[in-house]
Amino acid sequence: MEELFAQYEKRKKNFPKFGALKINKNQQNQLIEFLRLLVKWNKAYNLTAIRDPKEMLVKHLFDSLAVGEFLKGQRFIDVGTGAGLPGLPLAIAYPDRQFILLDSLGKRIQFIRNVIRELKLTNVTPVLSRVENFQDEVGFDGVLSRAFASLADMTTWCAHLPCQNGFFYALKGQCNQEEIKAIKNDFCVEQIISLQVPELESERHLIILKKLVNL
């Protein structure tokens, strides 16, 4: 793991570039330990197609943190979280916010539980469930997704999850206008944000949507 730590030390100067986000030394250590665990578990559980720790740092960690400054509220659900992205990095960076990480595959939830235990995170709850079957009485300020589904599918499958003033936050690569046009009339696009992810040359966008009516 020496290479991962070396790459982190070399690149940690990029953390202040995430808007108003302030990452202290303990949080930095938690983030790099999360990556170390991801590298370790990925060898056996195939949690992500990215194998190179240097790529993980940029394409998973930096990419997840880039959306933090745009989130509104205190309670979030990360649907189809996979290896805990973007939920785990965001939970580390924003310890005063609560995150539910939902996935339908047991090996992913097992990994997330291990990360929570190893990093002593108190603001993350892992849930093994399909999103259509998961119910929450209160509703969430934000529904997060990253490489989960099309905008139309995301809003349809997750329509029951936001609270009255909640938003959908979809992390995407290129902004596909055809995908946006396919969204049902019950939802509208509030904002499309071009993300600036340090060291990442490819396009990244955050699409923020809102439900217009109670479904």
One pair to check against side chain to side chain contact (heavy atoms under 4.5 Å, CB included): Val67 and Arg146. What are the steps and the verdict? CA-CA 11 Å; Val67 306; Arg146 179 179 183 267; over 6 Å; no
Where the side chain of Lys107 meets the backbone of Tyr45, is there a donor-acceptor pair that is under 3.5 Å apart? yes
Donor-acceptor under 3.5 Å (Ser150 side chain, Asp153 main chain): yes
Test of understanding: with side chain to side chain contact (heavy atoms under 4.5 Å, CB included), list the residues that count as partners of Ser194, not counting sequence neighbours. Gln196, His205
Do any N or O atoms from the side chain of Glu179 and from the backbone of Asn176 form a donor-acceptor pair under 3.5 angstrom? no
Are the side chain of Lys210 and the backbone of Phe187 linked by a donor-acceptor contact shorter than 3.5 Å? no
With no hydrogens and no angle check, is any side-chain donor or acceptor of Asp141 less than 3.5 Å from a backbone partner on Gly73? no
Work out which heavy atom in Ser64 is nearest to a heavy atom in Pro86; give both atom names and the distance. OG-CA, 3.3 Å
Quick check: closest heavy atoms across Ala91 and Asn123, and the distance to 0.1 Å? O-ND2, 3.1 Å
Report yes or no: does Ser129 contribute a side-chain atom to a donor-acceptor pair with the main-chain N or O of Val131 at less than 3.5 Å? no
With the side chain counted from C-beta on, respond yes when Asn42 and Met56 share a heavy-atom pair under 4.5 Å apart, and no when they do not. yes
Nearest-0.5 Å distance, CG of residue Leu121 to CD1 of residue Ile112: 11.0 Å
Check whether any side-chain N or O of Thr155 sits under 3.5 Å from a backbone N or O of Ala152 as a donor-acceptor pair, and report yes or no. yes
Asn26 atom CG, neighbour heavy-atom count above 12 within 6.0 Å: yes
Quick check on the 6.0 Å ring-centre criterion: do Phe76 and Phe99 meet it? yes
With rounding to the nearest 0.5 angstrom, report the CD1 to CG distance, Ile23 to Leu65. 6.0 Å
Any salt bridge linking Lys172 with Glu203? Criterion: basic side-chain nitrogen under 4.0 Å from a carboxylate oxygen. no
Identify, with sequence neighbours excluded, every residue that meets side chain to side chain contact (heavy atoms under 4.5 Å, CB included) alongside Leu200. Val58, Lys59, Asp63, Val197, Ser202, Arg204
Main-chain N/O of Ile100 paired to Arg75 side chain as donor or acceptor, under 3.5 Å: no
Can you tell me which residue among Leu61, Leu47, Leu88 is in a side chain to side chain contact (heavy atoms under 4.5 Å, CB included) with Leu38? Leu47
Value for CD (Gln28) from CG (Leu31), rounded to nearest 0.5 Å, stands at 8.0 Å
So do the side chains of Glu118 and Arg113 get within less than 4.5 Å of each other, counting heavy atoms only? no
Output, in order, the C-alpha distance, side-chain angles, deciding distance and verdict of side chain to side chain contact (heavy atoms under 4.5 Å, CB included) for Phe70 and Gln191. CA-CA 10 Å; Phe70 304 107; Gln191 193 175 4; 5.7 Å; no
Heavy-atom closest pair (Asp78 atom, Gly84 atom, distance to 0.1 Å) is OD2-C, 4.3 Å
Side-chain touch Pro198/Phe62, heavy atoms, less than 4.5 angstrom: yes
SG (Cys175) and CD1 (Ile193) are apart, to the nearest 0.5 Å, by 11.5 Å
Non-hydrogen atoms of Gly80 and Phe148 that approach each other most closely: CA-CD1, 3.6 Å
Minimum-distance pair of heavy atoms, taken over all atoms of Leu90 and Gly68: CD2-CA, 3.8 Å
Student check: side-chain heavy atoms of Phe140 and Cys163 closer than 4.5 Å: no
Under-4.0 Å salt bridge between Asp103 and Arg108: yes
Can you hop from Leu85 to Leu105 via hydrophobic side chains spaced under 4.5 Å? no
Contact between Leu102 and Arg130 at the side-chain level, heavy atoms closer than 4.5 Å - yes or no? no
Shortest non-hydrogen separation from Ala159 to Lys211 and the atoms involved: O-NZ, 2.7 Å
Are any side-chain N or O atoms of His160 and backbone N or O atoms of Phe134, one a donor and one an acceptor, separated by less than 3.5 Å? yes
Is there a donor-acceptor contact under 3.5 Å from the side chain of Glu132 to the main chain of Trp157? no
Any heavy-atom pair between the side chains of Asn114 and Trp41 that's under 4.5 Å? yes
Using a 4.5 Å cut-off on heavy atoms from C-beta on, say whether the side chain of Ile77 contacts that of Leu144. no
Taking the side chain as everything from C-beta on, heavy atoms only, tell me whether Val127 gets closer than 4.5 Å to Leu101. no
Point-to-point distance, once rounded to the nearest 0.5 Å, from CG of Leu206 to CG of Leu171: 5.5 Å
The test is side chain to side chain contact (heavy atoms under 4.5 Å, CB included); show your working for Ile180 and Ile192 and say whether it passes. CA-CA 11 Å; Ile180 292 174; Ile192 299 175; 3.7 Å; yes
For the atom pair CD (Gln98) and CG (Asp96), what is the distance rounded to the nearest 0.5 Å? 9.0 Å
